[in-house]
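Numbers here simply count residues along the sequence, with the first being 1.
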Amino acid sequence: MEGEISNFMTVWTLVVISLTYCHTISKTVRAGTKRLLAISPVIFLFFILPLSLTTISLGGLTSFFIAWLCNFKLILFAFGKGPLSPSRSCSLAYFIPVACLPIKIHNPVESTKKEEGPCSEINERGLKSPMNYVVKCLVIVAFLPAYEGKVRVHPVIINLMYLVHVYVGLEVSLAVVGAMVRALTGIGLEPQFEEPYLSTSLQDFWGRRWNLMVTDILHPAVYLPVRSISSRVIGRRWAALPASFACFLVSALMHELIFYYIGRKEPRWEVTSFFLLHGLCVAAEIAAKKALAGRFHLPRAVSGAMAVGFILATALWLFLPALLWCDAEDKARSEATAVVDFVKRTWSVVEYTYSSIMKASR
């Protein structure tokens, strides 16, 4: 684990240096193809750096942060778009965290303009209260006895617990990163998850509740260009369908890449199948809403139960097996054990030091 931490520090030192270069180059190279060529070595480097990390907690998050989110932000930045622009009025202290971390700056004015914000009271106050995350962590703690005796628990129940664990682990990890950035910079941030278990449809789940930083990056990087092209081919009315599906296709490929970083195993394309299936279903949902034009809709309780049930069923079928294929379960257990051992050793040192000080003072 010590070697992993050393590699982790080296990776992030290189990330900071590379982003400083990108920020500097933007002062002399105008947005467009030339800027893209100037920062392309950084984009390539960010695909390579996660290969030096092997853990889920450090390597998995780092690959998500830099190989996916940061690279997409840099591509948008190359053309003067995205959260890193306009570059000339963007300080380095702002540029680096926004570029490499999954954070979204809170803008109350913009939040009030959202047509279908599911949790506007959360958006207005920024990050959620600590109690929200404490309760979710306690749920995971309650799962631990079942994990220990999982031979006596039905496999489907255990797998559902794993899915909840993945959701809570990801949300809490991103919230911790956001809280650290907020404490250091004072920047108001928005939450990355909007209670996805309250979704009323697949479109609501993927577009407004689940991992919103990904949605915010895929929208300008994939959705808008594909919709613009599609509108000239099939018309504006139906252009959202291929644009939405394209987002799921890109997300599928990026998940395959991240799972490779975690497990270093040849992909079996299960996670790709998961996202392509959901892409088709979301496109069908959008088409049905356009065709019906508000003439018929299911009660929210019914549509919500159907959407969440479908998400869980397909995740058990396709997403979770792909994650377990990466040895995520064994790695998570060994990393948790390493953290517990580190805390125990640290506590022993603190306790011994305190006892020595007390004896010396007598």
Taking the side chain from K136 and the backbone from V172, do they hold a donor-acceptor pair closer than 3.5 Å? no
Answer yes or no: is there a side-chain heavy-atom contact under 4.5 Å between L51 and R264? yes
State, yes or no, whether a side-chain contact exists between V214 and W68 at a heavy-atom distance under 4.5 Å. yes
Going by side chain to side chain contact (heavy atoms under 4.5 Å, CB included), name the residues that satisfy it together with I286, two or more places apart in sequence or in a different chain. Q203, L241, S244, V282, K290
Listed by chain and number, what are the side chain to side chain contact (heavy atoms under 4.5 Å, CB included) partners of V16, not counting sequence neighbours? T20, I96
Would you check, one step at a time, whether the test side chain to side chain contact (heavy atoms under 4.5 Å, CB included) holds for L84 with L74? CA-CA 8 Å; L84 300 179; L74 289 177; 4.2 Å; yes
Check: Q192 side chain, A175 main-chain N or O, donor-acceptor pair, under 3.5 Å: no
With A328 via side chain to side chain contact (heavy atoms under 4.5 Å, CB included) - residues at least two apart: I56, L323
Does the ring centre of H165 sit less than 6.0 Å away from the ring centre of Y147? yes
My understanding is that only residues two or more places apart in sequence, or in another chain, count here; which of them pass ring pair (Phe, Tyr, Trp, His ring centres under 6.0 Å) with F275? W206, H255
Supply the members, apart from L76, of the Ile/Leu/Val/Met/Phe/Trp/Tyr cluster built from side-chain contacts under 4.5 Å; use none for a lone residue. none
Show which side-chain atoms of residues 153-160 pair as donor or acceptor with protein atoms under 3.5 Å away, not counting sequence neighbours.
| from | atom 1 | to | atom 2 | distance (Å) |
| --- | --- | --- | --- | --- |
| H154 | ND1 | V156 | N | 3.1 |
| N159 | ND2 | P155 | O | 3.4 |

Between CG of L212 and CD1 of I217, what distance do you get to the nearest 0.5 Å? 12.0 Å
Salt bridge (Lys or Arg N to Asp or Glu O under 4.0 Å) partners of K331, counting only residues at least two apart: none
E4 (side chain) donor-acceptor with T54 (main chain) under 3.5 angstrom: yes
Cation-pi between R209 and F193: NZ/CZ under 6.0 Å from ring centre and within 45° of the ring axis? no
Would you say the ring centers of H278 and F248 fall short of 6.0 Å from each other? no
Side chain to side chain contact (heavy atoms under 4.5 Å, CB included) partners of C281, counting only residues at least two apart: L202, L277, F310
When you measure from the side chain of T62 to the backbone of P50, do you find a donor-acceptor pair of N or O atoms at a distance under 3.5 Å? no
Taking the six-membered ring where the residue is Trp, are the ring centres of F319 and F259 under 6.0 Å apart? yes
Between the side chain of R35 and the main-chain N/O of F77, is any donor-acceptor distance below 3.5 Å? yes
Can you sort out the partners of R268 under salt bridge (Lys or Arg N to Asp or Glu O under 4.0 Å), two or more places apart, ordered by chain and number? E270
Indicate every side-chain donor-acceptor pair of residues 37-48 with a distance under 3.5 Å to a residue at least two apart or in another chain.
| from | atom 1 | to | atom 2 | distance (Å) |
| --- | --- | --- | --- | --- |
| S40 | OG | L37 | O | 2.7 |

Using a 4.5 Å cut-off between side-chain heavy atoms of Ile, Leu, Val, Met, Phe, Trp and Tyr, which other residues end up in the same hydrophobic cluster as V134? M131, V135, L138
Listed by chain and number, what are the salt bridge (Lys or Arg N to Asp or Glu O under 4.0 Å) partners of K34, not counting sequence neighbours? none
For the pair S228 (side chain) and L224 (backbone), establish whether a donor and an acceptor sit closer than 3.5 Å, ignoring hydrogens and angles. no
